[in-house]
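Both ligands and their constituent atoms are indexed starting at 1 by order of listing. These numbers come from the heavy atoms of this one structure, side chains and all, not from hydrogens, waters or symmetry mates.
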Amino acid sequence: MLASKLPNVGTTIFTRMSQLAAEIGALNLSQGFPDFDGPLALREAVSRHVLAGHNQYAPMTGLPTLRQQVAAKIARCYGVQRDANSEITITPGATEAIFCAVQALIRPGDEAIVLDPCYDSYEPSVELAGGRCVHVPLALPDFSVDWQRLAEAINERTRLIFLNSPHNPSGALLSRSDLEQLAALIRGRDIHIISDEVYEHLIYDGVQHASVLAHEELYARAFVVSSFGKTYHVTGWKTGYVVAPPVLTAELRKIHQYVNFCGVTPLQWALADFMAECPQHVEELPSFYQAKRDLFCELLGGSRFAFRPTPGTYFQLADYSAIRPELDDVAMAEWLTREHGVAAIPVSVFYREPPTDMRLVRFCFAKREDTLRQAAERLCRV
Ligand code: PMP
Ligand code: GLN
């Protein structure tokens, strides 16, 4: 019998809820992905490049033209120059970037700190490297960092702290002053950062993203990860990138070249073309998604769910204490799917030790207006 290296891991909640939604024919507001397509010009560019014969391996580090577009976008958005050759690597999804960064940083016996609730891929990546995750809960109700608890969790085995802003599942944002606090906390220690910024362009109400890319002291020890899937409405393309100082990038690439070697070639060509032709796409994203958030929240205002409009990501948390407080959130998500035809994600699954009184589910509002209207109508009847 093979002894599992990940004995506590099953099939992810995203897969399970999407499967259940499909089985039942429920509106799927669970797994995070748009139910509309990415820009037509971007999709046409893929066909063009496939037909033009761009079908063999891309360079291991990513197409130079795409890396240059990413560098240009970073310069525009955050006012910093990151070198396309030595600091930017294109990866098959942010997930692979995170995995490779963890393998580069963690050795047996090392500890990595995750802030719960946290994205599900972090812990298995750390465990496969022989490390251990230390879970520090974010402070409720706004999912802010509890600096005291974070400071207490750091010890001589701590090698890595994961950040995720905008935060999945809560939408919470780290501010520039949070980054200052973190920098002060780890100054002089051998601790690195993986900053998961896949929702960097999904921030609302005029707030600016505080990227680790624009914080020189933190960036010096960071891998900053993003995903074209989120930014261009093409999650199924599984194409992302990681930005890190040259020494860290060199170590990441040693691993990336044996995990995947390279990302998918025609997708990289298409993204490079589209980023050059349509640089305003990223500037338009906040208002595009804010309109969806506002519509969904306005409609949900007629329901018994309690919520505050999310500051970032395409996820809206909703408290169902006034509806079925006796159900835990996994049971609630299943009940909503089966009985009311709207699939959601329970929030407790993002925790090692979920607060026992937590009654939150997550809805994804990256959906067409008619999907949001139908879903809200059903949720108002709950
Ligand atoms: N991090 C977070 C917080 C996410 O929500 C996602 C999306 N599933 C990822 C990483 C992975 O992104 P990708 O699909 O590009 O691997
Ligand atoms: N990030 C997506 C979410 O949070 C899920 C991606 C996946 O299924 N791995 O819903």
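Inspection of the Ser348 and Asp329 side chains reveals an N or O donor paired with an N or O acceptor under 3.5 Å. For the residue pair Glu123 / His135, a side-chain donor-acceptor distance below 3.5 Å is found, with atom types taken as modelled. Defined by atom type and a distance below 3.5 Å, a donor-acceptor pair is missing between the side-chain atoms of Gln19 and Glu23. Using modelled atom types, one finds no donor on one side chain facing an acceptor on the other under 3.5 Å when comparing Tyr258 with Gln103. Thr61 and Arg67 share a side-chain donor-acceptor pair at under 3.5 Å.
A distance below 6.0 Å separates the ring centres of Phe288 and His233. With ring centers used as reference points, Phe315 lies under 6.0 Å from Tyr199.
Using a 4.0 Å cut-off to heavy atoms of Lys230, the atoms of ligand 2 that qualify are 1 (N). Distances below 4.0 Å separate heavy atoms of Gly32 from the following atoms of ligand 2: 2 (C), 3 (C), 10 (O). Atoms of ligand 1 found under 4.0 Å from any heavy atom of Ser227, numbered from 1 in the order shown, are 13 (P), 15 (O). The atoms of ligand 1 that sit less than 4.0 Å from any heavy atom of Gly93 are 15 (O), 16 (O).
The shortest distance between side-chain heavy atoms of Glu200 and Cys77 does not fall below 4.5 Å. In this structure, the side chains of Asn164 and Tyr122 come closer than 4.5 Å at one or more pairs of heavy atoms.
At least one heavy atom of Val198 sits less than 4.0 Å from an atom of ligand 1. Using a 4.0 angstrom heavy-atom cutoff, Tyr119 counts as in contact with ligand 2. Heavy-atom distances between Thr12 and ligand 2 stay at or above 4.0 Å for every pair.
The shortest N or O to N or O distance between Asn164 and ligand 1 is not below 3.5 Å. At least one N or O atom of Tyr119, backbone or side chain, sits closer than 3.5 Å to an N or O atom of ligand 1. In terms of polar-atom proximity, defined here as any N/O pair under 3.5 Å, Phe315 makes no such contact with ligand 2. At under 3.5 Å, a nitrogen or oxygen of Ala94, whether backbone or side chain, sits near a nitrogen or oxygen of ligand 1. In terms of polar-atom proximity, defined here as any N/O pair under 3.5 Å, Ser30 makes no such contact with ligand 2. Ligand 1 has an N or O atom lying under 3.5 Å from an N or O atom of Lys230, backbone or side chain. Taking distance alone, with nitrogen or oxygen atoms compared against 3.5 Å, Thr239 stays at or beyond that limit from ligand 1.
The line from CG of Leu63 to SG of Cys262 is 9.0 Å long, rounded to the nearest 0.5 Å. The distance from the CG atom of Leu66 to the OH atom of Tyr241 is 9.5 Å, given to the nearest 0.5 Å.
Neither the backbone nor the side chain of Thr95 comes within contact range of ligand 2; no heavy atom lies under 4.0 Å. Under 4.0 Å from ligand 2, not a single heavy atom of Lys238 appears.
Of the candidates Tyr199, Phe99, Phe162, it is Tyr199 that places a heavy atom closest to atom 5 (O) of ligand 1.
Protein heavy atom nearest atom 8 (O) of ligand 2, with residue, atom name and distance: Gln31 NE2, 2.7 Å. Atom 11 (C) of ligand 1 has its closest protein heavy atom at Thr95 OG1, 3.3 Å. For atom 14 (O) of ligand 1, the closest non-hydrogen atom of the protein is Lys238 NZ, 3.0 Å. Remark: minimum distance from atom 1 (N) of ligand 1 to any protein heavy atom is reached at Asp196 OD2, 2.6 Å.
Nearest heavy atoms, Glu277 versus Arg48: OE2-NH2, 4.3 Å.
Looking at Lys254, its side chain never comes within 3.5 Å of a backbone N or O of Thr249 through a donor-acceptor pair.
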